[in-house]
Q: 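First the structure, then my questions, so here it is.
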Amino acid sequence: MAPRFALVDVNNFYVSCERLYDPTLLGVPTVVLSNGDGCVVARSAEVKALGVRMGTPWHQMQDLVRQHGIQYRSSNYALYGDMSRRTMNVIGQFVARDDQEVYSIDESFLDLRRYPHADGAALGSQIRHRVAQWCGLPVCVGVGATRTLAKLANHLAKKRPGFGGVCDLTAMAARDFLDVAATVAVGDVWGIGGKLSAHLNSLGIHTVAQLTGTDPKRLRERLGVVVERTVRELQGIACQGLDVVEPRQQIIASRSFGEPVFSHEDLKAAVQTYVGRAAYKLRGQGSRAGTVKVWLETNRFRPQDPQYHPCAGVHLPNPSDDLAELTRAAGVVLARIYKDGYRYTKAGVLLEELADQTHVQGGLFDAAEASPRRQALMATLDRIHARFGRTEVGMGHAGVKETKGWTMRRGRLSPAYTTDWAQLLVVEA
DNA sequence: TCTGGGGTCCTAGGACCC
DNA sequence: TCTGGGGTCCTAGGACCC
């Protein structure tokens, strides 16, 4: 059966979620800001039309904000995560369970090879209609013979109004495809970012049509196997299927601080909080970590400041998911890399060498396996975390209220409308 | 004054082994 | 004075994605 993929993607996902519960934002230029209200991570169509780029620092666009009355919201991941789950469930209704891959918070691939008679455009329209009606969110659908082509189709469905939100490249004549592809820049292809784009341009390859016509083997010599595969996928040869969801291979928890931090004590409090978050995710996927790494950052955007970006880690004698052990390990690393006299702006914790809980090998000199009491304590922590949110209970200094300086800014956070009884939407009669 | 956070995969080079 | 060749594993760093 000929491979065929669909990619369903929510338009301006975070902004669309905010608008769903606050209709005063409809038609108004709106952005959602990153953690700490640092920079723009989602833009409404009106803001995109003003030429605001993804990742623009918020403080750099204040003139534009005043001029055009741009509204902003702080990131509300409780809301986006829940809306994502609902949306993915609705999209998944159109295929068997094994034929859906949730690729990111706002995108899902569907493997259509088991539905050779389904009309791509009609299917796309149905999905659009149902997600709009059941979730209140706008999506676009792209269909192609490979995942890369489905991505490209989705890009066209979004950018070219003529497609009406659905683009099926498998229904397009080869000539028509090349005509369209000649109008799309290589940088718009999935897997071709800024660096590779510049490199391709220097080789005289500017459009998707040109890239599609290039010999993949020649490109491999210069640019590596990733680009080779991308070109083959553009040529219609599937190099990647649907990915099975594997447990993560690394878990990161990090934040920029609300204000700069100088002392070992404050850094310790921050790092302990991040360990708590990482350990929660770790246990959530049923893994244990073999390595704990910690890194610190000063402000890279102020070259006049003394810079220091250390990163170090420790191997644990045995992979662990125990918060006390992980916290102790992180503390040891932090003490090793901490140096006085720097203006720290960010810290992070990285758990690596993740192993399945059931496949952990006992060491020769271990104390007995983690005691049942200890495991019960961890399970209780996880329940508290799930019920009350991240910072209520922790280890050591984690979450102590007085050490406020490093906690992040969230100036305009919308309520967790769908995940917290206390924050339900109120409709005035 | 203010510039996100969490991931994946690939590659090159060094260490080590036989 | 002369000093192999081939393989694996690990790590750091780069590029990309959302």
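The sequence lines fix the lettering, A, B, ..., with proteins before strands; numbering per chain opens at 1.
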Q: Can you see which heavy atom on A:Phe257 is nearest to which on A:Tyr344, and at what distance?
A: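 It is CD1-O, 3.6 Å.
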Q: OP1 or OP2 of B:dG6 sitting under 4.0 Å from any side-chain N/O of A:Arg255?
A: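 So the side chain of A:Arg255 is within the cut-off, an N or O lying under 4.0 Å from OP1 or OP2 of B:dG6.
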Q: Base, sugar-phosphate alone, or nothing: which one does A:Trp58 contact when heavy atoms must sit under 4.0 Å apart?
A: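 Nothing, no heavy atom under 4.0 Å.
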Q: Run through A:Gln60, A:Arg66, A:Gln67 and flag the one making a side-chain hydrogen bond (donor to acceptor under 3.5 Å, both in side chains) with A:Asp63.
A: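 Answer after filtering A:Gln60, A:Arg66, A:Gln67: A:Arg66.
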Q: Between A:Phe94 and A:Gln126, is the side-chain contact (heavy atoms from CB on, under 4.5 Å) condition met? List the steps.
A: CA-CA 9 Å; A:Phe94 288 86; A:Gln126 280 178 47; 3.6 Å; yes
Q: From C-beta outward on A:Gln249, which listed nucleotide comes closest to its side chain: B:dC2, B:dT8, C:dA15?
A: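 Of B:dC2, B:dT8, C:dA15, B:dT8 is nearest to the side chain of A:Gln249.
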Q: Go through B:dC10, B:dG5, B:dT3 for me and flag the one nearest to the A:His59 side chain.
A: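 So the side chain of A:His59 is nearest to B:dT3.
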Q: For A:Tyr103, which contact category applies under a 4.0 Å heavy-atom criterion: base, sugar-phosphate, or nothing?
A: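 The answer is sugar-phosphate, as A:Tyr103 gets under 4.0 Å only of primed atoms, P, OP1 or OP2.
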Q: Pick base, sugar-phosphate or nothing for A:Val32, based on heavy-atom distances below 4.0 Å to the nucleic acid.
A: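 Here A:Val32 touches no strand at all.
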Q: Closer to the 5' end of DNA chain B via nearest nucleotide, is it A:Arg229 or A:Asp37?
A: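 Here A:Asp37 is the residue nearer the 5' end.
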Q: For the side chain of A:Arg409, starting at C-beta, report the closest nucleotide among B:dG4, B:dC10, B:dC2.
A: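 Minimum distance to the A:Arg409 side chain belongs to B:dC2.
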Q: Whether A:Ser254 contacts B:dG4 is assessed here as follows: a side-chain N or O lying under 4.0 Å from the phosphate OP1 or OP2. Is that the case?
A: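 For B:dG4, OP1/OP2 do not have a side-chain N/O of A:Ser254 under 4.0 Å.
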Q: Would you find a donor on one side and an acceptor on the other, under 3.5 Å apart, between the side chain of A:Thr146 and the backbone of A:Ala238?
A: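 Judged by distance alone, no pair lies under 3.5 Å.
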Q: Using the rule salt bridge (Lys or Arg N to Asp or Glu O under 4.0 Å), only one of A:Lys281, A:Arg283, A:Arg277 pairs with A:Asp382; which is it?
A: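 Exactly one option meets the salt bridge (Lys or Arg N to Asp or Glu O under 4.0 Å) with A:Asp382, and it is A:Arg283.
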Q: For A:Ile192, report the nucleic acid contact type (base, sugar-phosphate, nothing); a contact means any heavy atom under 4.0 Å.
A: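 Touches sugar-phosphate only.
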Q: Which listed nucleotide (C:dC17, B:dG7, B:dC10) is nearest to the side chain of A:Lys151?
A: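 Nearest to the side chain of A:Lys151 among the choices is C:dC17.
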Q: At under 4.0 Å between heavy atoms, what does A:Arg220 touch on the DNA or RNA strands: base, sugar-phosphate, or nothing?
A: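 Nothing, no heavy atom under 4.0 Å.
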Q: Let me spell it out: for each of A:Phe257 and A:Gln250, pick the nucleotide of DNA chain B with the closest heavy atom. Which residue's pick is nearer the 5' end?
A: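 It is A:Phe257, whose closest nucleotide lies nearer the 5' terminus.
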Q: Nearest to the side chain of A:Arg343 - B:dC2, B:dG4, C:dC17?
A: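 Nearest to the side chain of A:Arg343 among the choices is B:dC2.
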